[in-house]
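Below is one structure, written out as structure tokens, with a few remarks after it.
If you read the sequence from its start, that first residue is 1, and numbering goes on from there. Model, not experiment: these values are computed from the prediction.
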Amino acid sequence: MPLITAEQRRTLRADVTASLVVFLVALPLCVGVAVASGVPAELGLITGIVGGLVTGLLPGSSLQVSGPAAGLTVLVFTAVSDYGLPALGVIVLGAGLIQLVLGALRLGRWFRAISLAVVQGMLAGIGLVLIAGQLYALADAKAPGGGLADLAGLPRLVLATVTSQNALLALAVGAGTARLIAVWPRLSGRARVVPGALVAVGVATALTALFDLPIARVEVTGLLHAIQPLGLSDAKRLADVGLAATVVAFALIASAESLFSANAVDRLHSGRRTDYDKELMAQGAGNSVCGLLGSLPMTAVIVRSSANVQAGARTKLSRVLHGVWLLLFAAFLPQALSYVPTAALAGVLIHAGWKLIPVKEIGPLWRDHRGEAVVLVVTAAAIVTTNMFEGVLIGLLLAVVKTAWAMSHVHISVSDSGIGPVRVRLSGNATFLRLPRILDTLEALPQRHVELDLSGVRHLDHACMTALQSWADERNAHVSQPDAEAGVLGGPGRAGTAAESSAGPDTAGTAGGAGGQARGSAGIHPKGPQP
């Protein structure tokens, strides 16, 4: 009996081939994300290695690939600017531990309950801030830092670029890189075997070296020198409220991005589905290791994951091997990074940032689900104008308000033949959000007897019930009632308040009670739900 079957050989061949493709896709992204985050380029490679060798070995999602993500670039850059590079390890370790706890408590599946509009808005906001910041790197300039500051400084950047030959050269290299990445998928299938980002960066690097262009290049410090192991003194900084809030933001955003990526990857293949709790723990373990090494945070990355699936990967071996290839490159060829122009990496990230913005989805979303489109746009704008954490909180709050408003839909129908009682029927959910509309309708009714039917109301909250009771009492108190036996709502002859609606439809009556229907009084059919 052979040691390895033909099927196993085919699986092994497919996984090895896919791992090489993922490695070639991951290499420029790892370096680019690190440079854009304001940390040594080697830290991006370290996170990619941990994503392959640690997270890749753990259960959860078999074909999803983890590493440094463009989606966290803005958050990392802000954290490093505010707290310094040594604090990065503390933040990432804390985020990893939170992820481990959330996974152990089986809360991974709950991340799927986050509004898709908020997630898309979050990614769009990240994309906008990322593009704004990388436009400066595209011209070898330093970004002011912060979404609004970067956007406000663009006119000055344009002026400085057009008056500098070196800046124009860097701009040409970076823009050419982004353009080549964009058009690469349109080429023939054989050419597309090699990832477009790698080809574009390779061409930019070759041209820069060949013509010795006077533009900035990646600074290399060496793998061991870049690693900053976490010390006990650094861990004490978690007592800082601002830093602790950053840890929570890292944990929640990285978890949401990873689990939404897992959902997308599951739709790309027919294999085993993702276990969200185990995947969250795998991400937490990887981030804990990255934190101990003082490296960048990791998430599951849809670009690498989709490349893995499309390359024919069958098992988790492909993502583990991609980490091995990154380790070998970082160990033996780190100096090769010193030839890469930073403008080329900026082009890679501008293309990645543009893909985070759901340009094609916004139009149909506005036509079909206008409220969701508003949530998306407001979330993105809030991230650009404030920061990642506050922007996401604003988006979540708006999504909750939008849902509450939609769920409180109430329909009011008025039937008035000109003689006899005016019949008003409410249906839907009568909540305080719709109370102004309900009262405006009732107060505009003619001064005749009103029958208010609540039988179609699915939910009547306390505010609405109290307001309707007050309206009926006030109306009955200000109209003449020729029939002394008529009574008012709440009197001896009442048909019942909303709280007594369990009497059933057969007891539905009006405020006139046994004495008949008094002209100008308000009657409530007590068939609606209890508050």
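- In this structure, the side chain of Asn308 does not engage the main chain of Ala313 through any donor-acceptor pair within 3.5 Å.
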(message) Show, in sequence, the C-alpha distance, side-chain angles and deciding distance for Leu58 and Lys278, and conclude whether the side chain to side chain contact (heavy atoms under 4.5 Å, CB included) test is met.
(response) CA-CA 8 Å; Leu58 297 175; Lys278 290 181 179 178; over 6 Å; no

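- With values rounded to the nearest 0.5 angstrom, Leu321 atom CG is found 9.0 Å from Leu53 atom CG.
- Not a single salt bridge (Lys or Arg N to Asp or Glu O under 4.0 Å) links Lys316 to another residue, sequence neighbours left out.
- The backbone N or O of Ala251 lies less than 3.5 Å from a partner atom in the side chain of Ser255, making a donor-acceptor pair.
- The nearest pair of heavy atoms linking Gly395 to Val375 is O-CG1, 4.0 Å.
- Considering all non-hydrogen atoms of both residues, Ser37 and Val76 come closest at CB-CG1, 3.6 Å.
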(request) List the steps and the verdict of side chain to side chain contact (heavy atoms under 4.5 Å, CB included) for Asp275 and Asp277. (result) CA-CA 6 Å; Asp275 185 315; Asp277 299 315; 3.8 Å; yes

(request) Could you please spell out the steps behind the side chain to side chain contact (heavy atoms under 4.5 Å, CB included) verdict for Leu337 and Leu45? (result) CA-CA 11 Å; Leu337 297 177; Leu45 294 175; 3.9 Å; yes

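- Side chain of Gln8 to backbone of Thr5: a donor-acceptor contact under 3.5 angstrom is found.
- Judged purely by atom type and a 3.5 angstrom limit, Ser295 uses its side chain to pair as donor or acceptor with the backbone of Leu43.
- When every heavy atom of Ala343 is checked against every heavy atom of Ala170, the shortest pair comes out as CB-O, 3.3 Å.
- Gln283 and Ser66 share a side-chain donor-acceptor pair at under 3.5 Å.
- For the pair Leu376 and Pro358, the minimum side-chain heavy-atom distance is below 4.5 Å.
- Smallest separation of non-hydrogen atoms from Ser305 and Val65: OG-N, 2.9 Å.
- Checked by atom type and distance alone, the side chain of Thr274 never pairs as donor or acceptor with a backbone atom of Tyr276 at under 3.5 Å.
- Side-chain contact of Gln64 with Glu279: a donor-acceptor pair under 3.5 Å is present, judged by distance alone.
- Using a distance-only test at 3.5 Å, with no hydrogens or angles considered, no donor-acceptor pair links the side chain of Arg314 to the main chain of Asp15.
- Looking only at side-chain heavy atoms (C-beta outward), Val340 and Val201 come within less than 4.5 Å of each other.
- Asp140 contributes no side-chain N or O that, together with a main-chain N or O of Ile215, makes up a donor-acceptor pair within less than 3.5 Å.
- Of all heavy-atom pairs between Ser288 and Leu100, the closest is OG-CD1, 3.8 Å.
- Here side-chain hydrogen bond (donor to acceptor under 3.5 Å, both in side chains) pairs that include residues 161-178, with residues two or more places apart or in two chains, number zero.
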(request) Dump the intermediate steps for side chain to side chain contact (heavy atoms under 4.5 Å, CB included) on Val378 and Val374, then the final yes or no. (result) CA-CA 6 Å; Val378 170; Val374 171; 4.0 Å; yes

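- Here the side chain of Tyr136 pairs a donor or acceptor atom with the backbone of Asp150 at under 3.5 angstrom.
- How far CG of Leu398 is from OG1 of Thr379: 6.5 Å, rounded to the nearest 0.5 Å.
- If you take CG on Leu180 and NE2 on His351, they are separated by 10.0 Å, rounding to the nearest 0.5 Å.
- Counting non-hydrogen atoms of other residues, nucleotides and ligands closer than 6.0 Å to CZ of Arg156 gives a total of 12 or fewer.
- Atoms CH2 and CG, on Trp184 and Leu198 in that order, are 9.5 Å from each other to the nearest 0.5 Å.
- How far CD1 of Ile91 is from CG of Leu243: 4.5 Å, rounded to the nearest 0.5 Å.
- Thr47 places no side-chain N or O within 3.5 Å of a backbone atom of Pro68 that could act as its donor or acceptor partner.
- Nearest heavy-atom pair, Ile394 versus Ala382, reported as atom, atom and distance to 0.1 Å: CD1-CB, 3.9 Å.
- With rounding to the nearest 0.5 Å, the separation of CD in Gln134 from OG1 in Thr342 is 9.0 Å.
- Of the charged side-chain nitrogens involved, at least one lies within less than 4.0 Å of a carboxylate oxygen, so that Arg217 and Asp212 count as a salt-bridged pair.
- Judged by distance alone, with hydrogens and angles left aside, the side-chain atoms of Ser318 form a donor-acceptor pair with the main-chain N or O of Thr315 at under 3.5 Å.
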